[in-house]
Structures are given as structure tokens and as C-alpha cells.
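Position 1 is the first residue of the sequence, and the numbers go up from there.
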Amino acid sequence: MGGLRKLSKLKPIAEEALAGTVFLAKLLCGLHVANTYVCTAALTYGPSMLPTLNLTGDFIFAERISTRFGRVGVGDIVLVRSPENPRKVMAKRLMGMEGDSVTYVVDPKNNDWCETVVVPKGHVWIEGDNMYDSKDSRYFGAVPYGLLQGKVFWRLWPPKSFGPLEKRKPNETVL
């Protein structure tokens, strides 16, 4: 009989623990859905998007809805899963959609020789803003549209650069 009394005293504690566990599970599921389908955060680093993004790292937000509904366009900064290493996600600028003709400098470090390609159906052409040090479509060709992960819209870090990342016009160059 004494054991039942002790067990009944533990019931409110067990109910509270269960309620907390259910709340935590719902919260984590909500965060997972939001990160997978709505918006994601990324830390970018490296020279390929200089001067738009910093060499030492920017903390950016990208929304995933535009890529799902085909609402990305030339000039947008996008997150792209690397065609060479699927574990890596890169931030690059969208330079051409399917059917567009894109002219690019083949080897900017050594000469000014240009080549023009037509982006195949179901693909996009991406380039880093720093054409001298960027591994992009000039290196591995057009990228399947399905590798786009999101459209970058906001920079959170560093504080001096806090704010929206604007779309660049197609013929505008960054110096």
C-alpha cells in the first residue's frame, strides 16, 4: 500500500515531463520543417564572392520558397549544392537561366578569351563575383536547377554589413 502512495506522488512529475517532451518534439519538428522548406541560415567564407560577401565569413539567410516555384532570376545570389561534392553548399550569383546565352571569360588570369554557351534545359549558369578566384560554371559547366537550395536575401553578420543583399543587374560588374 505504501508503494502505491509513492507512485501516485510521482504521477504529476511524470505528466509534466511528458508534456515537456512533447513540446520539445513539436518545436524541433517545426524548426526542421522551417529549415527544410521555408528559410535556412548559412555561413559563407572564401574569395569567390568578393567583394559582395566577405573573405572571412558572412552569416546569411536564404529563403527556399523562390527556388521551389521558379522565382529566381539572373542577378540573384543563390545557395547551390556543389555538383562535385554534394556535402558542400556554395553561394554564387545566378548569371543565366535555361535557354539564355552566357558569355564568359574562359581563363581570366591569363587572357581575355571569351566563350558563349547556351544554358541547357533544366540548368542554370552560376558564377562567383570574383572571376579570378571562383570555382563555378566556368569550371564545371551549367548546374541542374534541382541543385539550387535557396535565394539569399539577408546578411546577419558582420554587423557593419547587416541588411538585405540586393539583386545585381545582369551587365553590372563588381570592381
message: Are Val89 and Leu53 linked, directly or through intermediate hydrophobic residues, by side-chain heavy-atom contacts shorter than 4.5 Å (ILVMFWY only)?
response: yes

Within a radius of less than 6.0 Å around CZ of Phe59, do more than 12 heavy atoms belonging to other residues, nucleotides or ligands occur? yes

Inset, instruction - Would you tell me whether Ser134 and Lys92 have side-chain atoms, one donor and one acceptor, within less than 3.5 Å of each other? - result: yes

Tested for salt bridge (Lys or Arg N to Asp or Glu O under 4.0 Å) against Glu127, the lone hit among Lys135, Arg93, Arg138 is Arg138

Does CG belonging to Asn85 count more than 12 external heavy atoms closer than 6.0 Å? yes

- Does Met97 offer a backbone N or O that forms a donor-acceptor pair with the side chain of Tyr145 under 3.5 Å? no

- Message: Tell me if a side-chain donor or acceptor on Arg81 pairs with a main-chain N or O of Pro86 at a distance below 3.5 Å.
- Response: yes

Handout entry: Pro83 side chain reached by Leu147 side chain, heavy atoms, under 4.5 Å
Key = yes

#### Entry: Heavy-atom donor-acceptor pair, Glu98 side chain to Gly122 backbone, under 3.5 Å
yes

inquiry  = Could you tell me if the side chain of Glu84 sits less than 4.5 Å from the side chain of Tyr139, heavy atoms only?
reply    = yes

According to a 4.5 Å side-chain heavy-atom criterion applied to Ile, Leu, Val, Met, Phe, Trp and Tyr, with indirect links allowed, do Phe61 and Trp157 form part of one hydrophobic cluster?
-> yes

Which of Asp129, Asp58, Thr44 passes side-chain hydrogen bond (donor to acceptor under 3.5 Å, both in side chains) with Thr52? It is Asp129

Do the side chain of Ser137 and the main chain of Gly141 share a donor and acceptor less than 3.5 angstrom apart? yes

When rounded to the nearest 0.5 Å, the distance separating CG of Asp136 from OG of Ser82 is 11.0 Å

*asked:* With a 3.5 Å distance limit and no angle check, can you tell me whether His32 reaches the backbone of Gly30 through a side-chain donor-acceptor pair?
replied: no

| said: If you count heavy atoms of other groups shown closer than 6.0 angstrom to CZ of Arg71, is the number above 12? | reply: no

Shared ILVMFWY cluster between Met49 and Val78, side chains joined below 4.5 angstrom?
no

| Should Phe162 and Leu156 count as side-chain neighbours, where that means a heavy-atom distance under 4.5 Å? | yes

- Message: Tell me if the CD atom of Glu15 is crowded by more than 12 foreign heavy atoms within 6.0 Å.
- Response: yes

Tightest non-hydrogen contact, residues Asp133 and Pro47, listed as OD2-CG, 3.0 Å

Practice item. Please check if the side chain of Asn130 supplies one atom and the backbone of Leu50 the other of a donor-acceptor pair under 3.5 Å. Key: no

When Val38, Thr40, Leu148 are each screened for side-chain contact (heavy atoms from CB on, under 4.5 Å) with Arg64, the one that passes is Thr40

Start with the C-alpha distance between Trp125 and Asp100, add both sets of side-chain angles, then the distance that settles side-chain contact (heavy atoms from CB on, under 4.5 Å), and finish with yes or no. CA-CA 9 Å; Trp125 191 269; Asp100 290 350; over 6 Å; no

What one should report as the nearest heavy-atom pair of Leu94 and Gly73 is CD2-O, 3.4 Å

Between Ser101 and Val118, the two heavy atoms sitting closest are OG-CG2, 3.8 Å

Item to check | Non-hydrogen side-chain atoms of Phe153 and Cys39 separated by less than 4.5 Å | outcome: yes

Scanning both residues in full, the closest heavy-atom pair of Ala41 with Asn35 reads N-OD1, 4.4 Å

For Met90 and Ile126 the tightest heavy-atom approach is CE-CD1, 4.1 Å

Heavy atoms of Val119 and Ala142 approach each other most closely as CG1-CB, 4.4 Å

Checklist entry - Are Val72 and Ile77 linked, directly or through other ILVMFWY residues, by side chains that come within less than 4.5 angstrom of each other? => result no

Test side-chain contact (heavy atoms from CB on, under 4.5 Å) on Val152 and Leu79 and set out the steps. CA-CA 7 Å; Val152 177; Leu79 292 181; 4.1 Å; yes

Any side-chain to backbone donor/acceptor pair from Arg155 onto Gly163? Under 3.5 Å, distance only. no

Notebook entry, point to check: Does one hydrophobic cluster hold both Phe140 and Val124, with members joined at side-chain heavy-atom distances below 4.5 Å?
Noted result: yes

In this structure, CH2 of Trp154 is separated from CG of Leu165 (nearest 0.5 Å) by 9.5 Å

| field | Student check: side-chain heavy atoms of Met131 and Tyr104 closer than 4.5 Å | value | no

